[in-house]
Amino acid sequence: MAEVLVSIVLDQLGTFIVEQVKGQVQELRMAIGIKKEIQSLSLKLKMIREALDDAERKRVKDKNVKHWLEVLEVFSYDADTVLDEWRTRILQQEIERNEAAVASIPRKKVSCFILPSCFTFKKLEVNRDIVRKIKELDVKLEEIVREKEQFNFVVTTTGGGVSDQDVFRRFMTTGIVDESEVHGRDSDKEVVIRKILESGDQENGPLVISVVGTGGIGKTTLAQLAYGDKRLRGHFDERIWICVSDPFDEVKIAKAILEALTKSSQNLSQFHMLLERIQERISKKRFFLVLDDVWSEDYSKWEPLKNSLKNGAPGSRILVTSRSERVVGMMDSSYMHRLGQISDSDCWSLFSRIAFSGRTNEDRENLEDIGRRIVRKCKGLPLAAKTMGSLLRFKVTEQEWQTVLDNQIWQLEEVAIDLFPHLYLSYDDLPPILKRCFSYCAIFPKDTVINVDRLIRIWMAQGYLSTIENNQQEAKGREYFMNLAMRSFFHELETDDKNTSVIISCKMHDVVHDFAQFLSRNDCYSITGIEATENIEKVLSVYHLCWERTDSTVTPVSVCDLGKIRSLFAAHLLSKDLTHDLFKGLKCLRVLNLHGCGMQELPEEIGNLFHLRYIDLSSSQVQNLPEAICRLCNLQTLDLQGCKHLSRLPQHIGKLINLRHLITTDTPKLESFPQGIGNLTQLRTLSGFVVGKGLSKLGYIGKLNQLQGYVSIHVIDNLNDAEDVVEAQKAALRSKTYIKELRLNFYWASEVRMDVMEALIPPPNLRFLTINGYRGTQFPTWITLSLNNLRVLTLSECFNCTFLPPLGKLPFLEILWIRLMDELKHVGNEFLGLPGTIEGFPKLKKLKFSYCSEWEEWTDLKPEIGFSVMPSLKELELNCCEKLTSLPYCLLHRVSSLKTLKIKMCPCLELDWTEITHIQNIETDNGM
């Protein structure tokens, strides 16, 4: 933990002199005045950082080291706060200077001369305060350095220092297991064995089958079950079990494989000779090799071993267990088995066998109810059930069992020593910044569905991504998340319906959450108000606090040291709990989550929380945002999703020059955006933008070329004059190359000129486009000329359009949905892109028409040489097309890929079902 905090401070120190040089003369003098202190701080922190790897290991047993690290962590937080205050003051002065310059333009020269002197006076006062604080930090750090010398830490510049105090050592495994003691893995065992025995080989060596899961889930146990199965014993000539662990020592692994094959020790030390001998021993033999607990993702280490195993007979197999999906990819696995939790009943069987060993039936009856509730805390993790069973085996009374039930797992020292080492190994393998990103997640209450985008924005707000180039922070944050997810720190991963490779939400297993709390017990805490009365000391010490809604009279103001808190999750709090004193006290706050809170207005005091980077007001009762919020020049995220009573945004929102994410989805009363929105050139997310005459104009978003992902534009007034054309051109949608999904909503606009539509050319990389409520008679030409990368298109409630554009020309379109087109009567060959193309809809997989009430005819394609129609189509759906009489013969009979046909409420449609028996899934309510 300390390593990441120290690194963040060092990175900030490294940028300040450069930033100051860019400033005014007085600011430069101020920086030079404390240049010595800045250099001193940097040098001392670098010396400390070199010893932190060893210090983190020793803190487990050495209380003095633990205390020293805690002091260092407090110092790091304080230093980060001071440096952020310095940077913020510089930014505020820059904003004030720019505003003064603009305000002075129409004035006389004398006014222009007076304004800068006022700023200089204020600036000097602020700068003296910063200088004093930095000098105080240098004195504090000097004392920390002096205390460090007594511990004789192993100094390393590369990390990985080893201490004889290392409690969390790795475990050697064997292929032997007592199957009678294993519960809940029968189906997993059968799946893995079936894959092992499955016929099929690959040219570049034996097939690799992988078992992946979090620490303690039972990967080794499952491999042991497979290794000892009678079916495999008789199937393979050789069975070899190797505990790989970390580091991946290819020489030791090769030697272990050879010793297993020869049944004797090997004195060979040359890697090449070992591999040659392995090739000889396995030649023409069918072997089964288990590589248990693989960590390394370095293909160059695996490749020589892999090549030495190619001489085995067909049917040879390698079974790998790992915590990381990245390892699975590196080893080119043909099948990956994700190992999940066992059932509550299996967990109980595992627990009770150990916990009730040697007890009387009477004891069992008295303790069973408490025991079952304890097992539920294990959430299907076999190692947790075994560990809890071992703990309770020697606890006799009901009160002792109740004490274990009432405590968090991470607070039980005996459990932590036996259970957490298995998880610590995965944690220790992470780079420092990923350790911090993971441990921070302890702030989320158990069983929380964590939105990945929100999590990344919170990491950004805490400065964990501050060393990344500004335009890459969100992408890097997702890379960090995926790294943690592939190492099984998160589970129940939910993917985006439109892009299954993108994870949108996840959870943390309860035991993994307990481990995160164990790691961050001095930093993060999740609590209810009722618990606060019993845990005041814990609440006082934390920097990141989740305070759940409660009817208790205890509030954060009454028990917390508000001046330390950097994250406050106070979702669903009542307005009475969100007092002015609370906002006055949160001087270091960076993340404020008031999701679902009951307050209607934020107090003006929020404008003084200048460290704030993240504000979540989603689903709250807030009606207006105070102008004071515009003083938060560091603010990166303002989440207003679902604020159904919000009617306006602050007039001076353009001052939020670092705002990256403005989320206004599902805010029905928000009918205008201030013109200053156009100054937010850092904006990445603008989920909903409202356009209306006299309210907000399309041209406001003209300079927002960093917008990415999903953007929705709501037109609530007619766009029918020349000025609207100019505004549409100013919007410059085509220049916003990072937008992937665009929605154009015209529900409230009865008239939109065609040249306005033509000016709204989407960006060329657009993947998803929806046009809703457009009342024109024809679609803009760009819909087929400029969208060569489009994957999904929805045309909805375009009531006045009488024909469809040549959408068949779109080369990558996969899904097309056309609904509520009342004037559409005829679909002709132009829909396919004729003339001018030889293949209509080459990539289309799903086509759906709904509620086209006047549609009568779909023209069949005349036989044409070399022309194909929808060669990739898999699903065709027709819903409530009441006048349609027939479908094109070419579509039903010449598209061999068509597997599903759904027809509902199309009473006039007549088909000969006997001629389309090749379609596997036909659903209809037409009585045919």
Side-chain angles (χ1 to χ4, degrees), residues 649 653-654 662 664-665 667 670-681 683-790 793-801 804-805 807 810:
L649 295 175
I653 196 171
L662 178 58
T664 57
T665 309
T667 51
L670 185 60
E671 296 185 348
S672 67
F673 282 70
Q675 186 172 358
I677 196 85
N679 296 331
L680 305 181
T681 55
L683 210 59
R684 269 74 175 161
T685 302
L686 181 60
S687 54
F689 179 69
V690 179
V691 177
K693 288 183 179 179
L695 300 172
S696 47
K697 301 178 180 180
L698 279 167
Y700 289 179
I701 64 173
K703 296 179 181 178
L704 307 186
N705 291 332
Q706 296 299 317
L707 290 178
Q708 56 188 235
Y710 167 77
V711 173
S712 182
I713 297 176
H714 303 271
V715 179
I716 63 172
D717 205 346
N718 295 336
L719 301 179
N720 55 4
D721 57 35
E723 182 184 352
D724 296 319
V725 178
V726 173
E727 289 296 326
Q729 292 169 343
K730 286 182 180 178
L733 290 182
R734 189 166 180 79
S735 300
K736 296 161 180 49
T737 56
Y738 304 115
I739 295 178
K740 294 296 183 287
E741 180 174 0
L742 177 64
R743 291 194 178 199
L744 298 175
N745 301 301
F746 301 95
Y747 292 123
W748 302 276
S750 59
E751 186 177 350
V752 178
R753 284 174 50 155
M754 175 52 64
D755 44 2
V756 170
M757 286 296 290
E758 290 289 1
L760 294 176
I761 305 175
N765 294 323
L766 197 70
R767 296 293 192 272
F768 307 90
L769 174 64
T770 298
I771 299 178
N772 288 322
Y774 172 56
R775 304 300 175 87
T777 57
Q778 60 185 14
F779 291 98
T781 56
W782 51 252
I783 203 166
T784 53
L785 297 179
S786 304
L787 301 177
N788 287 340
N789 290 295
L790 198 67
L793 174 62
T794 300
L795 303 176
S796 177
E797 299 182 53
C798 301
F799 297 116
N800 298 330
C801 291
L804 294 173
L807 300 177
L810 296 172

*Asks:* Pair E671, I716 - check side chain to side chain contact (heavy atoms under 4.5 Å, CB included), show working.
*Replies:* CA-CA 8 Å; E671 296 185 348; I716 63 172; 4.1 Å; yes
*Asks:* I'd like to check L698 versus L719 (side-chain heavy atoms, cut-off strictly below 4.5 Å). Are they in contact?
*Replies:*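 Side-chain contact under 4.5 Å: yes.
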*Asks:* If you count the non-hydrogen atoms of other residues, nucleotides and ligands that lie under 6.0 Å from NZ in K740, is the total more than 12?
*Replies:*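 More than 12 within 6.0 Å, yes.
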*Asks:* Measure the spacing between OH of Y710 and CD1 of I739 and express it to the nearest 0.5 Å.
*Replies:*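 Reported to 0.5 Å precision, the distance equals 11.5 Å.
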*Asks:* For W782 and M757, which heavy atoms make the closest approach, and how far apart are they?
*Replies:*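 For W782 versus M757, the nearest heavy atoms are NE1-O, 2.7 Å.
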*Asks:* Under the criterion side-chain contact (heavy atoms from CB on, under 4.5 Å), which of T685, L680, L686 is the partner of L707?
*Replies:*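 Single pass found, and it is L686.
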*Asks:* Between N765 and N789, is there a donor-acceptor pair closer than 3.5 Å when you use the side chain of the first and the backbone of the second?
*Replies:*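 Side chain of N765 to backbone of N789: no pair is present.
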*Asks:* Go through the side-chain N and O atoms of T681 and Q706 and say whether any donor and acceptor fall under 3.5 Å apart.
*Replies:*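 No, no side-chain donor-acceptor contact under 3.5 Å.
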*Asks:* Considering non-hydrogen atoms only, spot the tightest contact between A732 and G702 and give its length.
*Replies:*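 Closest heavy-atom pair between A732 and G702: CB-O, 4.2 Å.
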*Asks:* So, for S786 and R734, which heavy atoms are closest and what is the spacing to 0.1 Å?
*Replies:*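 Closest approach of S786 to R734: CB-NH1, 3.7 Å.
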*Asks:* Under the rule for side chain to side chain donor-acceptor pair (under 3.5 Å), what residues qualify as partners of S796, not counting sequence neighbours?
*Replies:*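 Applying side chain to side chain donor-acceptor pair (under 3.5 Å) to S796 gives R819.
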*Asks:* Just by distance, do the side chain of N745 and the backbone of Y747 share a donor-acceptor pair under 3.5 Å?
*Replies:*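 No, the answer is negative, given that no donor and acceptor are paired below the 3.5 Å cut-off.
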*Asks:* Is there a donor-acceptor pair closer than 3.5 Å between any side-chain N or O of E758 and the backbone N or O of P780?
*Replies:*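 It does not hold such a pair.
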*Asks:* Start with the C-alpha gap between I653 and L662, add the side-chain angles, then the distance that decides, and say whether side chain to side chain contact (heavy atoms under 4.5 Å, CB included) holds.
*Replies:* CA-CA 11 Å; I653 196 171; L662 178 58; 4.3 Å; yes
*Asks:* Could you state the interatomic distance from CD (Q729) to CG (L760), rounded to the nearest 0.5 Å?
*Replies:*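 One finds 9.5 Å between CD of Q729 and CG of L760.
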*Asks:* To the closest 0.5 Å, what do you measure between CD (Q675) and CD1 (I677)?
*Replies:*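 The CD atom of Q675 sits 11.5 Å away from the CD1 atom of I677.
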*Asks:* Keeping T665 on the side-chain end and S687 on the backbone end, is there a donor-acceptor pair under 3.5 Å?
*Replies:*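 It does not hold such a pair.
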*Asks:* Distance from L695 atom CG to F673 atom CZ, nearest 0.5 Å?
*Replies:*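 Between L695 CG and F673 CZ, I get 11.5 Å after rounding to 0.5 Å.
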*Asks:* For I701, does its backbone N or O pair with a side-chain atom of K736 as donor and acceptor, under 3.5 Å?
*Replies:*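 Present.
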*Asks:* Hey, does C798 have a side-chain heavy atom less than 4.5 Å from the side chain of I771?
*Replies:*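 Yes; the side chains approach each other to less than 4.5 Å.
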*Asks:* Can W748 and H714 be said to form a side chain to side chain contact (heavy atoms under 4.5 Å, CB included), step by step?
*Replies:* CA-CA 8 Å; W748 302 276; H714 303 271; 4.2 Å; yes
*Asks:* Do you know the tightest heavy-atom contact between V752 and F746?
*Replies:*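 Looking at all heavy atoms of both residues, the closest pair is CG2-CD2, 3.7 Å.
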*Asks:* Please name the residue in the list I713, I761, L766 that meets the side-chain contact (heavy atoms from CB on, under 4.5 Å) test with L733.
*Replies:*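 Going through I713, I761, L766 one by one, the side-chain contact (heavy atoms from CB on, under 4.5 Å) with L733 is satisfied by I713 alone.
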*Asks:* I need the E727 CD to Y700 OH distance, nearest 0.5 Å.
*Replies:*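 One finds 7.5 Å between CD of E727 and OH of Y700.
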*Asks:* Side chain to side chain contact (heavy atoms under 4.5 Å, CB included) for E797 and N772? Distances and angles first, verdict last.
*Replies:* CA-CA 6 Å; E797 299 182 53; N772 288 322; 5.7 Å; no
*Asks:* Just how far is it from atom CG of L807 to atom CZ of F779, taken to the nearest 0.5 Å?
*Replies:*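 The distance works out to 8.0 Å.
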*Asks:* Does any part of the side chain of L787, heavy atoms only, come nearer than 4.5 Å to the side chain of L793, both counted from C-beta?
*Replies:*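 They are not in contact (no side-chain heavy atoms under 4.5 Å apart), so the answer is no.
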*Asks:* The criterion is salt bridge (charged side-chain N to carboxylate O under 4.0 Å, His left out); which residues satisfy it with E751, sequence neighbours excluded?
*Replies:*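 Per chain and number, E751 pairs via salt bridge (charged side-chain N to carboxylate O under 4.0 Å, His left out) with no residue.
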*Asks:* Using a 3.5 Å distance criterion without hydrogens, assess whether the side chain of S696 forms a donor-acceptor pair with backbone atoms of V690.
*Replies:*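 Pair found, side chain donor or acceptor close to backbone of V690.
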